[in-house]
Amino acid sequence: MVSFRKKKSSKNVAKGGEPEAAAQDAKAPDDSRDPAPETKSSIPSRPPQMDDIPELIEIMTTEKGEKSAAATKRIYELCDVGHKQNRVPMVCSGKYDVLTPLAQCLTQESGDGRHLACLALNNLSIPTENKRVMALGPSSSAVIGGLCKVIAEDKQESYLCCICLMNLSFLEASITSMLQHSPGEGEVAPLDNPESLIRILEKLLKNAPAVPKSGSGKSEGVRWACGLIKNLAKSEENSALFGQTDIPKCVVGNLRNTTAPPGRWTSNSLEDFSLFVVLNLAQWPASREALVATGAIDVVKPIMSEGDLQGLKATMACAFLGAPWSDFPDGGSTAAKSISELMTNIIEKKGKDGQYAYGVFKLYTATKAYRDLSAAAAASPDVASAESNSKVLAVPSAVALCLQVVSDLVLAADDEANGGSKYVPDVKSAEYSACAITNMLPAILQSGDPPRKSIQSEKACSEVSTMLSQYAGLAGTSAEGSESASRASEEIKGAAGNARPILEISYDLWTQYRKREGQPLDQFLSQEKGIEVDESGPLDFLPCVNSDSQCTIL
């Protein structure tokens, strides 16, 4: 019987990639009391010490039954909640190999030894340093294979194994190799192997009751399996594999069958994890189609009106899935505000109180959602509606943010440019921001009322056009990003004649950002030399310009 101390957590607050917090919220073994009964063995009754590890490993690997379980219990005690300081040395010091014997214990028929090995592996999987060794090191195949075997055999410790694998999957460098786990003779593709991790997870979700009893071993296994899939689905390569299984159908089914309203979904609940899986899978083309085929839009659409973390996730998922503009509540204003706020928070390295911590969402996810939302707004068949819809999104602060993301990448790519930003975006974020600007052009370039000339608008058109042109020419820019930026550059350059209020204010905010960051303000000035002089030119104040005299302007 395992008893846990309950950790208080804020409602609906998503933890930001911090494994220990996730494990504690999950009532993971890190916060557990001693789960095993006393066992009779020749091991001394004094508290275990690190120097005992070699002897304990010897007993674990050579003995069976109670003696082996007692040694495993001592290993667990050395890394329990009262001995967190031992976790990294036990795995990373190079003095011991505790992972291989613990993985072997997972295959035992003895419940005590297997259970204690699961608890120990859970605790050891929490430190960031240990994740790399456990997920990618020499013992990784044995560890992941042992955890998969327990899940496949539907043992009572299955949920602990899912938690352990989820802890390891917080190391993003490991998620692709983890999902490729496919034991057996020769190289068997994961989708062709019933013993692979992806097929084991699929089977677990498919065999779950439609409405599993809350708190049961089966429901806990499904819940933490969805938490693991949420992390694994961050990779486009992994999502392509998930799209060829029934997992998208299962997670959409979890949302369809729930009886709890979204406002009551707590962080790390089955519904919370399932919606996260939908969000992550919806970003990638190969898995997006699988979600659309399951009717995901109709299931997720009502959640958008929640307005909290779940509403934000549902809004981004619907944008990725291609929901029409009319599906977004309040004429799209809520969606525009929540996603632009998320973009700002990510760049400023902060979260939102009561909803999400910094690190939960990536900038490329937020900018891609804004791009897709702006595409839905611009998809109206008539120009007036497209301009009206786009205006909801094209608020100056959001437009300036998109300009900032693109220009930061341009500056980062220029070895001769001085200054820089505290946040250099990835290539994808810049592409999505450039595409969003292009989609919002009908609103960004809207003329003032009444139409008028504006030197500030002319300056804004010139610099923004030059910046987008420079971005389009970068070596790492995708064909879609280059084409979109080139089109926007030309349209903005051609709009320099009249005042463009939204562009003016956006340009001013972007310029203020560059000043704060100490970036060069002449980077995007037009390099055209000379000014054509005529009667309307800058020298028209000279008396000879408007006279019949023979004076010459040099």
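Everything numeric in this text was worked out from a predicted model, so none of it was measured. Sequential numbering from 1 along the given sequence is applied to the chain's residues.
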Any donor and acceptor pair, going by atom type alone, linking the side chain of [X] with main-chain N or O of [Y] inside 3.5 Å?
X      : Y      : answer
Asp426 : Ser429 : yes
Asn257 : Gly253 : yes
Ser482 : Ala479 : no
Asp308 : Gly263 : no
Thr466 : Ser462 : yes
Thr315 : Ala335 : no
Ser287 : Leu281 : yes
Glu490 : Ser486 : no

For Asp330, enumerate each residue passing the side chain to side chain donor-acceptor pair (under 3.5 Å) test, keeping only those at least two apart in sequence or located in another chain.
-> Thr334
Of all heavy-atom pairs between [X] and [Y], which one has the smallest distance, and what is that distance?
X      : Y      : value
Lys493 : Ser465 : CB-OG, 3.4 Å
Glu504 : Ser457 : OE2-OG, 2.5 Å
Cys250 : Lys206 : SG-CG, 3.8 Å
Leu168 : Ser125 : CD2-CB, 3.8 Å
Ser484 : Ala434 : OG-O, 3.8 Å
Pro396 : Ile505 : CB-CG2, 3.6 Å

With sequence neighbours excluded, tell me which residues meet side chain to side chain contact (heavy atoms under 4.5 Å, CB included) with [X].
X      : result
Ala398 : Ser340, Tyr370, Val395
Ile175 : Ser169, Leu232, Lys234, Ser235, Asn238
Pro501 : none
Ala173 : Arg132, Leu171

Flag for [Y]-[X]: side-chain donor and acceptor within less than 3.5 Å:
X      : Y      : answer
Thr258 : Glu271 : yes
Gln283 : Ser239 : no
Gln519 : Asp408 : yes
Asn345 : Glu341 : no

Are the side chains of [X] and [Y] in touch, meaning some heavy atoms are under 4.5 Å apart?
X      : Y      : value
Thr365 : Phe320 : yes
Ile437 : Val464 : no
Leu197 : Leu165 : yes
Ser390 : Asn439 : no
Pro285 : Glu236 : yes
Leu474 : Gln470 : no
Cys435 : Thr438 : no
Ile444 : Ser506 : no

Does anything in [range] form a salt bridge (charged side-chain N to carboxylate O under 4.0 Å, His left out)? List the pairs, not counting sequence neighbours.
range            : answer
residues 444-461 : none
residues 388-403 : none
residues 364-378 : Arg371-Glu480
residues 460-473 : Glu463-Arg514

Let me see the working for Trp325 and Val392 under side chain to side chain contact (heavy atoms under 4.5 Å, CB included), right down to the final yes or no.
-> CA-CA 11 Å; Trp325 181 254; Val392 174; 4.2 Å; yes
Derivation and outcome, side chain to side chain contact (heavy atoms under 4.5 Å, CB included), residues Ile502 and Arg500 | CA-CA 6 Å; Ile502 293 177; Arg500 313 289 174 179; over 6 Å; no
To the nearest 0.5 Å, how far apart are CG in Leu204 and CG in Leu228?
-> 10.0 Å
Can you measure from CG (Leu291) to CD1 (Ile297) and round to the nearest 0.5 angstrom?
-> 9.5 Å
Glu491 meets the salt bridge (Lys or Arg N to Asp or Glu O under 4.0 Å) criterion, sequence neighbours left out, with Arg487
Taking only Lys NZ, Arg NE, NH1 and NH2, and the carboxylate oxygens of Asp or Glu, determine whether Arg199 and Glu202 approach each other closer than 4.0 Å.
-> yes
Charged N to carboxylate O below 4.0 Å: is that the case for Lys230 and Asp272?
-> no
Go through the steps for Met343 and Val405 under the test side chain to side chain contact (heavy atoms under 4.5 Å, CB included), then give the verdict.
-> CA-CA 10 Å; Met343 290 162 58; Val405 171; 5.8 Å; no
In sequence, state the C-alpha distance, the side-chain angles, and the governing distance for Ser478 and Glu431, and then conclude on side-chain hydrogen bond (donor to acceptor under 3.5 Å, both in side chains).
-> CA-CA 7 Å; Ser478 68; Glu431 176 192 326; 2.9 Å; yes
Listed pairs under 3.5 Å, donor-acceptor, residues 133-144 side chains, sequence neighbours left out:
residue: Ser139; atom: OG; partner: Thr100; partner atom: OG1; Å: 3.1
residue: Ser140; atom: OG; partner: Gly137; partner atom: O; Å: 2.8

Mind checking whether Phe361 and Phe276 have parallel, tilted or perpendicular rings, split at 30° and 60°?
-> tilted
Which pairs, with at least one residue in residues 478-511 and sequence neighbours excluded, count as a ring-ring contact (aromatic ring centres under 6.0 Å, His included)?
-> Trp510-Phe524
Could you go through the side chain to side chain contact (heavy atoms under 4.5 Å, CB included) check for Arg223 and Asn268 one step at a time?
-> CA-CA 8 Å; Arg223 176 161 73 107; Asn268 295 350; 4.3 Å; yes
